[in-house]
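The structure appears below as structure tokens.
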Amino acid sequence: MKRYRYGLFFLTVILGAFALYRCFADRCPDHKEPESVRIGITLYRDDDTFINSICRILETEAKKYEKTEGIRMILDVMDAKEDQNTQNSQVDRFLALGCDVICVNMVDRSAASVIIDKAMDREVPVIFFNREPVSEDLNRWEKLFYVGANPKEEGVCQGNMIADAYDACPEILDLNGDGKVSYVILEGERGHQDSLMRTEWAVQTLKNRGVDLEKLTGGIANWQRSQADALMGQWLEKFPEQIELVLSNNDDMALGAIDTLRRLGIIRPVCVAGIDGTPAGLDAVESGFMLGTVVIDRETYGKTMMRMALSLAETGRTPEDISLERGAYFRCPSYPEIRKRKDEAPETGKIE
Ligand code: GAL
């Protein structure tokens, strides 16, 4: 009986202390619970080299914030495996979990309205990234944003890089000396804004710079190294002596073309140009297999995106010092990385 009374006494003391604490917490506006921010991230496919590297930077940034700001950061990262329905369900899950912000790398960039409806209903801001929704969708609400590359700038940069090499030494690109550069083009995806703009502006820039171009063929390799390797194999069968330049919308596909050239031990020094500046892409430039790449500043990309997400979660606004095009778009800067001796023929030869 005595034990039971002690138990009751302690329970009353604990409950009393808790009630006092709640009362203090509610009245005192300065009182703060340890903050936590929850961010849901859904990727169109997790094994895409560029996307994967952006995701790693987001995770690193979140850890840094946890240390420096004392904020508990919870990142829920999900792979939509190229299925829009799966991605829509992932967004439902994020909303049910109480995410403060959702970051969406759309599977189908024309299908953003379903996700926007859900987020608007729950008043949760959305940062779309890398796969740009149409502007009619993004304009529907002031809490919708886009972080991505600047495909026109990258296309122009790729074109200029090649034109510079041509000006320095035309024989590097015009291998048969007929006055024309015969090229093939590896494109990312049909309907992807980065693919369309990079292709258009790389070709246009080369033409503007006075390089006489002849397109032999082109094809979609879905940003993937293995698909580009397969396409390049077919093209080399069809045009064994003609290909002088491979224009690629990204580094992975450029590396795929280089894989074919090296596997077949092609002696003609075909020039290959990429975009992204992935570690493997930069290695290929450094070792002379790739003429050059356009490096997308991934650190700025990931850091800016994480700062926007955090600020939206905490204040409902994006940071003042991040200037957004039309109040909603952040386009990441890029710069060229070209083979040191651009007047030298690229490396060729069989892989050991
Ligand atoms: C592009 C990038 C590609 C690929 C694609 C996926 O911006 O250059 O490598 O990641 O996005 O949407």
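Both ligands and their constituent atoms are indexed starting at 1 by order of listing. Since the model is a prediction, treat every value here as computed from it, not as a measurement.
For ligand 1, none of its N or O atoms has an N or O atom of E189 under 3.5 Å away. When only interatomic distances are considered, the shortest N/O to N/O separation between N250 and ligand 1 falls below 3.5 Å. Between N249 and ligand 1, not a single N/O pair is under 3.5 Å apart.
If you run side chain to side chain donor-acceptor pair (under 3.5 Å) between D76 and each of R93, R38, Q90, only R38 comes through.
Contact check on D117 versus R140 returns a salt bridge, with a Lys/Arg side-chain nitrogen under 4.0 Å from an Asp/Glu carboxylate oxygen. No salt bridge links E66 with K63; every basic N to acidic carboxylate O contact stays at or beyond 4.0 Å. The pair R331-E132 meets the salt-bridge criterion, since a charged nitrogen lies less than 4.0 angstrom from a carboxylate oxygen.
Within the structure, the closest approach of I275 to ligand 1 does not fall below 4.0 Å when heavy atoms are considered. Using a 4.0 Å heavy-atom cutoff, M253 is absent from the residues neighbouring ligand 1.
Each of the following atoms of ligand 1 lies closer than 4.0 Å to a heavy atom of F50: 2 (C), 9 (O), 10 (O).
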**Request:** Report the C-alpha distance between D297 and E299 in whole Å, list the side-chain angles of each, state the deciding distance to 0.1 Å, and finish with yes or no for side-chain contact (heavy atoms from CB on, under 4.5 Å).
**Result:** CA-CA 6 Å; D297 181 352; E299 286 293 319; 3.8 Å; yes
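The proximity of R198 to ligand 1, defined as any non-hydrogen pair under 4.0 Å, is limited to the side chain.
Remark: R131 is positioned above the aromatic ring of Y44, its terminal NZ or CZ atom under 6.0 angstrom from the ring centre and at most 45 degrees off the axis. Geometrically, R298 does not engage F50 in a cation-pi contact defined by less than 6.0 Å to the ring centre and at most 45° from the axis.
Hydrophobic clustering, with ILVMFWY side chains joined whenever heavy atoms are under 4.5 angstrom apart, keeps V114 apart from V107.
In terms of protein heavy-atom proximity, atom 7 (O) of ligand 1 is closest to D194 OD2, 2.6 Å. Protein heavy atom closest to atom 12 (O) of ligand 1, with residue, atom name and distance, is N130 OD1, 2.6 Å. From the protein, the heavy atom lying nearest to atom 8 (O) of ligand 1 is D276 OD1, 2.6 Å. Looking only at protein heavy atoms, the nearest one to atom 4 (C) of ligand 1 is D48 OD2, 3.3 Å. Protein heavy atom closest to atom 3 (C) of ligand 1, with residue, atom name and distance, is W223 CE3, 3.5 Å.
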